[in-house]
2 protein chains.
Amino acid sequence: MARIPGSDGRRTAALIRAAGLALIHRHGYEAMSLRQLAAEVGLQPASLYNHFPTKQALLHGLIHDHMEALLSSTAAALSAAAPDPLSRLRAFIAHHLLYHLEKKPEVFIANFELRALEGENLRAILALRRRYEMLLTDILEAGMAAGVLRPGDAQIAAYAILAMLTGACTWYRPEGRLTRGEIVRIHTDLILHGHAA
Amino acid sequence: MARIPGSDGRRTAALIRAAGLALIHRHGYEAMSLRQLAAEVGLQPASLYNHFPTKQALLHGLIHDHMEALLSSTAAALSAAAPDPLSRLRAFIAHHLLYHLEKKPEVFIANFELRALEGENLRAILALRRRYEMLLTDILEAGMAAGVLRPGDAQIAAYAILAMLTGACTWYRPEGRLTRGEIVRIHTDLILHGHAA
DNA sequence: ATCAGAAACGAACGTATGTTCGTTTCCAGG
DNA sequence: CCTGGAAACGAACATACGTTCGTTTCTGAT
């Protein structure tokens with residue numbers, strides 16, 4: 001037996017990536033074996049190497065593509081918002097939450113499996129992440145300068161907001177008690193006005 | 001060669017746990033091999049089994065003890081605070097941050113390596129974590145009832161606060177630009193009053 | 001119609017893993 | 001002083017891993 005009738009590289013590659021995403025999300029990168037992955041797609045382990053050169057390259061590809069998609073979709077959401085800092089902040093919050101709630105596996109992997117990346121792979125992802133953080137930091141600084149946000153350390157503020165929002169992906173269940181809209185409203189409120197009465 | 005002169009079970013066990021903590025923190029639980037761990041402590045791999053029955057039992061022990069310590073030290077901090085909800089909330093925030101900034105490896109492991117636990121081990125840890133979350137949720141509910149915190153979903157609010165605070169451990173560096181005291185002040189402020197001017 | 005390359009196969013490589021076993025030496029309680 | 005258990009050793013087990021190799025078949029461009 002050899003090449004299978006109807007086989008298509010593009011489609012197989014997509015299947016591998018989808019299955020890899022799910023397996024890494026469930027078991028973790030180190031715990032996922034390529035034999036598992038191959039079985040999930042219905043391939044022999046060796047055949048995976050027609051589609052990526054290395055297990056780590058697969059992981060890096062998944063994270064990289066996720067970060068690129070996140071960056072471009074965030075840019076789109078921001079440019080659709082009103083230009084004042086407060087509107088942009090609200091748009092950022094809503095977009096971050098909605099996007100992340102839709103892409104739980106990707107988000108999980110991009111946050112938890114970074115340490116499995118080595119050297120250049122890691123550096124490239126960290127650079128993308130920094131670009132994303134900078135989008136928020138810039139909004140916060142603009143808001144502080146305009147007097148609509150309380151002055152302070154914009155970087156810490158950005159970290160605090162991102163941690164809080166991304167944390168929501170940890171406990172969110174689509175069948176849960178809250179709709180996505182309510183989650184956005186609550187978090188926007190907490191970020192802007194805090195918990196004090 | 002066999003039992004080594006001066007060998008002491010209690011001390012060796014402590015060394016193993018300390019080295020395990022560091023290795024898991026650096027490389028991840030799945031990526032840490034028992035041979036690495038044994039070498040770090042100066043033992044043969046087989047000798048580890050005089051101190052724990054299974055690799056997973058080691059992980060579970062580390063997380064379990066961390067959670068117990070966190071719970072009891074939090075209880076102490078709360079009972080030292082004034083009894084009104086706002087004081088208790090401030091005490092909780094300060095204690096969570098200070099404790100977590102001191103115990104970065106433990107916190108990292110307790111949050112990142114949960115998925116390596118199976119069955120009863122996982123259930124036990126999740127129960128402890130729920131108890132911890134409940135400490136904060138109770139404070140928030142008391143504050144809402146007393147009218148010093150804005151009414152809302154106390155559980156979501158607790159998750160949001162915890163994610164934000166724990167996130168600080170990710171980027172905090174002891175040699176960084178901010179002191180621990182400033183970090184506490186900033187986060188308390190953000191939680192209570194938000195970012196809006 | 002042909003043929004280069006894409007896409008799969010099956011087998012194997014070397015290595016590493018968690019763990020078990022039997023043995024040996026040291027320590028502490030009677 | 002003796003002895004049972006504690007704490008280490010070295011060797012080995014079965015298994016699993018990521019990856020390489022050579023081969024075979026199908027596909028798409030010329």
Side-chain angles (χ1 to χ4, degrees), chain A residues 1-21 23-24 26-63 109 113 115-119 121-122, chain B residues 1-21 23-24 26-63 109 113 115-119 121-122:
Chain A
M1 223 181 281
R3 176 162 186 173
I4 261 65
S7 62
D8 171 15
R10 237 102 47 154
R11 196 181 44 188
T12 304
L15 288 177
I16 291 174
R17 293 166 57 85
L21 204 60
L23 282 176
I24 296 176
R26 240 197 317 276
H27 307 305
Y29 169 75
E30 303 279 0
M32 174 196 74
S33 83
L34 294 183
R35 283 167 174 81
Q36 255 176 77
L37 176 57
E40 197 83 10
V41 188
L43 288 178
Q44 292 298 318
S47 305
L48 295 173
Y49 286 82
N50 284 319
H51 303 280
F52 55 82
T54 264
K55 190 188 181 190
Q56 171 155 166
L58 171 65
L59 175 64
H60 177 255
L62 289 174
I63 300 183
I109 292 175
E113 304 292 2
R115 74 177 141 188
L117 294 179
E118 296 164 341
N121 283 345
L122 178 60
Chain B
M1 221 182 283
R3 178 162 186 175
I4 261 66
S7 63
D8 172 15
R10 236 103 45 156
R11 198 181 44 189
T12 305
L15 288 176
I16 292 174
R17 294 165 56 85
L21 204 60
L23 283 176
I24 296 177
R26 238 195 320 274
H27 308 304
Y29 169 75
E30 303 278 0
M32 173 196 74
S33 82
L34 294 183
R35 282 169 174 79
Q36 253 176 79
L37 176 57
E40 196 84 10
V41 188
L43 288 178
Q44 292 298 319
S47 305
L48 295 174
Y49 286 81
N50 286 319
H51 303 280
F52 54 82
T54 265
K55 191 188 180 189
Q56 170 154 165
L58 171 65
L59 175 64
H60 177 256
L62 289 174
I63 300 183
I109 292 174
E113 304 292 2
R115 72 177 142 189
L117 295 178
E118 297 164 340
N121 283 345
L122 178 59

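Labels below follow one simple rule: chain letters A, B, ... track the order of the sequence lines, proteins then strands, and each chain is numbered from 1. Scope of the values below: all heavy atoms of this structure, side chains included, with no hydrogens, waters or symmetry mates.
- Between the C1' atom of D:dT19 and the CG atom of A:Leu34 lies a distance of 9 Å, rounded to the nearest Å.
- Whole-Å rounding puts the A:Glu30 CD to C:dG18 C1' distance at 16 Å.
- With rounding to whole Å, A:Lys55 atom NZ is found 15 Å from D:dT20 atom P.
- Summarising the geometry, the separation between CD on B:Glu118 and P on C:dG18 is reported as 14 Å, rounded to the nearest angstrom.
- Within the model, atoms CD1 of B:Ile16 and CG of B:Leu21 stand 13.5 Å from one another, a figure rounded to the nearest 0.5 Å.
- Taken to the nearest 0.5 Å, the NZ atom of B:Lys55 stands 7.5 Å off from the CD1 atom of B:Ile24.
- With hydrogens and angles ignored, the 3.5 Å screen pairs no side-chain donor or acceptor of B:Thr54 with any backbone N or O of B:Ala57.
- Residue B:Thr54 places at least one side-chain N or O closer than 4.0 Å to OP1 or OP2 of C:dT19.
- Note: CZ (B:Arg11) to C1' (D:dA6) measures 14 Å, nearest angstrom.
- A donor-acceptor contact shorter than 3.5 Å links the side chain of A:Gln56 to the backbone of A:Glu118.
- Here B:Arg115 pairs with A:Glu113 under the side chain to side chain donor-acceptor pair (under 3.5 Å) rule; sequence neighbours left out.
- If you take CG of A:Leu58 and P of D:dT19, they are 10 Å apart, rounded to a whole angstrom.
- One distance of note links CG of A:Leu48 with CZ of A:Arg35; it measures 10.0 Å at 0.5 Å rounding.
- The CZ-P distance, from B:Arg10 to D:dA7, rounds to 8 Å in whole Å.
- Between A:Thr12 and C:dA8, a side-chain N or O to OP1/OP2 separation shorter than 4.0 Å is present.
- Distance check: B:Glu40 CD to B:Leu23 CG gives 5.0 Å after rounding to the nearest 0.5 Å.
- Residues of residues 40-52 of chain B that place a heavy atom closer than 4.0 Å to DNA chain D, in numerical order, are B:Gly42, B:Leu43, B:Gln44, B:Ala46, B:Ser47, B:Asn50, B:His51.
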Identify the pairs formed between an N or O of the protein and an N or O of nucleotides 14-16 of chain C at a distance under 3.5 Å, and give each distance.
none

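- A distance of 10.5 Å separates CG of B:Leu59 from CZ of B:Phe52, quoted to the nearest 0.5 Å.
- Taking OG1 from B:Thr12 and CG from B:Asn50, the interatomic distance works out to 9.0 Å, rounded to the nearest 0.5 Å.
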